[in-house]
Number of protein chains: 2
Amino acid sequence: MTYAHDMPTPEKAVRTDAGLASELRLSVMRLRRRLAAERHPDNPLSMGQLALLGALYRNGDQSVGELAARERVQPPSMTRTINCLADGGYVERRSHPSDGRQVVVALTDEGRAVLLADRARRDEWLSRRLAGLSAEERDVLRRATPILQRLAEAD
Amino acid sequence: MTYAHDMPTPEKAVRTDAGLASELRLSVMRLRRRLAAERHPDNPLSMGQLALLGALYRNGDQSVGELAARERVQPPSMTRTINCLADGGYVERRSHPSDGRQVVVALTDEGRAVLLADRARRDEWLSRRLAGLSAEERDVLRRATPILQRLAEAD
DNA sequence: CATAAGTCATTACCCTTGCTAAGTATTCCC
DNA sequence: GGGAATACTTAGCAAGGGTAATGACTTATG
């Protein structure tokens, strides 16, 4: 097999910063697709809904704008996700104590229960894959995860 | 700030395997959205199209099925992406030499040029972010990227 | 204190991109 | 040669992202 250009293998490409960027983008895209496809039939929540419940669980009640900014989504998209969850009774809209424009979103008891159950089922596949890695590889991911977070949060 | 439950910070959560799975999923989702949003107005290619051209550039001509499998997408989705790129003259469909069922997709000269130009622009943002990390953090990502790849490829 | 400007959430609408199901062409196997 | 399997495409649907415009409320200004 021959090529008309320098063969850009992933192994070489990842060494340069531009190559790392390309490879990282590919990996993230593919893994995300893989994870989205792993939607268990019992799971009532989409990945976006799960992320929203998770944000409320972790950070407590938040306004729509705060949630949208954290999840890197425009406010209308967040409104729609909230609507779905509110229809299911998983979150509640409350009025902001001092600013009537804002809407505070709060996790309900049912929402918390569904979050934990769904997350357990949904993480099953990924956890199993993680368990198949070496301890060292898991450690790399453990350290990489917050870095990926920070990249996503960057302006 | 108080919570009615044990506060699940990312720092604590990432230590367990299940926690790592959740956090990794969140990070991947957000970063992917962030990257997709970084679509420069000059860029004619979507992330999926860029990934396809990249696969052809890296691995040479491939059949539709091979491309779909590699990108973890169903064949019809790949067909559509190929249609878009073929309309733009970036890829060509060729007949397979020995199997009339298969369609071989090949990168055109124009496709290669567009790939490199688009990738340079698109990676600019991510490269800049990567440059803002410490050398050690970059190294973590460099080692994490192939692991993420493997996770995406797992059954 | 009245009004203009700004902010936050929502509504309405569109586009992209994934999927499944069904259809067509070709190859493989008996 | 004919039926089963394979490869791609077509058609249609749903999720989830976006922008633009509207409404409600707050803040700043004259």
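- Backbone-only contact: A:Ser46 has heavy atoms under 4.0 Å from sugar-phosphate atoms and none from a base.
- Rounded to whole Å, atom P of C:dT7 lies 12 Å from atom CG of A:Asp99.
- Expressed to the nearest 0.5 Å, how far CG of B:Leu35 lies from CZ of A:Arg72 amounts to 11.0 Å.
- How far CG of B:Leu85 is from CZ of B:Arg93: 10.0 Å, rounded to the nearest 0.5 Å.
- Going from atom CG of A:Asn83 over to atom P of C:dA9 covers 13 Å, rounded to whole Å.
- B:Gly48 comes within 4.0 angstrom of nothing in the nucleic acid, heavy atoms only.
- The interatomic distance linking A:Leu67 (CG) with C:dC8 (P) rounds to 14 Å, in whole Å.
- Heavy-atom distances to DNA chain C give each of A:Val64 and A:Met29 a nearest nucleotide, and the one nearer the 5′ end belongs to A:Val64.
- A:Arg93 has a side-chain polar atom (N or O) that falls below the 4.0 Å cut-off from OP1 or OP2 of C:dT10.
- Contact annotation: A:Arg33 side-chain N/O to C:dT17 OP1/OP2 distance is not under 4.0 Å.
- Rounded to whole Å, the distance from CD on B:Gln74 to P on C:dC19 is 5 Å.
- Looking at heavy-atom distances under 4.0 Å, B:Arg32 makes no contact with the nucleic acid at all.
- Residue side chain A:Arg80 reaches the base of D:dG17 through a donor-acceptor N/O pair under 3.5 Å, judged by distance alone.
- Of the listed residues (A:Leu141, A:Leu133, A:Val140), just one forms a side-chain contact (heavy atoms from CB on, under 4.5 Å) with A:Glu137, and that residue is A:Leu133.
- For C:dT10, one of the phosphate oxygens OP1 or OP2 lies less than 4.0 angstrom from a side-chain nitrogen or oxygen of A:Thr79.
- Using a distance-only test at 3.5 Å, with no hydrogens or angles considered, no donor-acceptor pair links the side chain of B:Ser63 to the main chain of B:Val104.
- The separation between B:Gln49 atom CD and C:dT16 atom P is 9 Å, rounded to whole Å.
- In terms of position on DNA chain C, the residue among A:Ser63 and B:Arg72 whose nearest nucleotide sits closer to the 5' end is A:Ser63.
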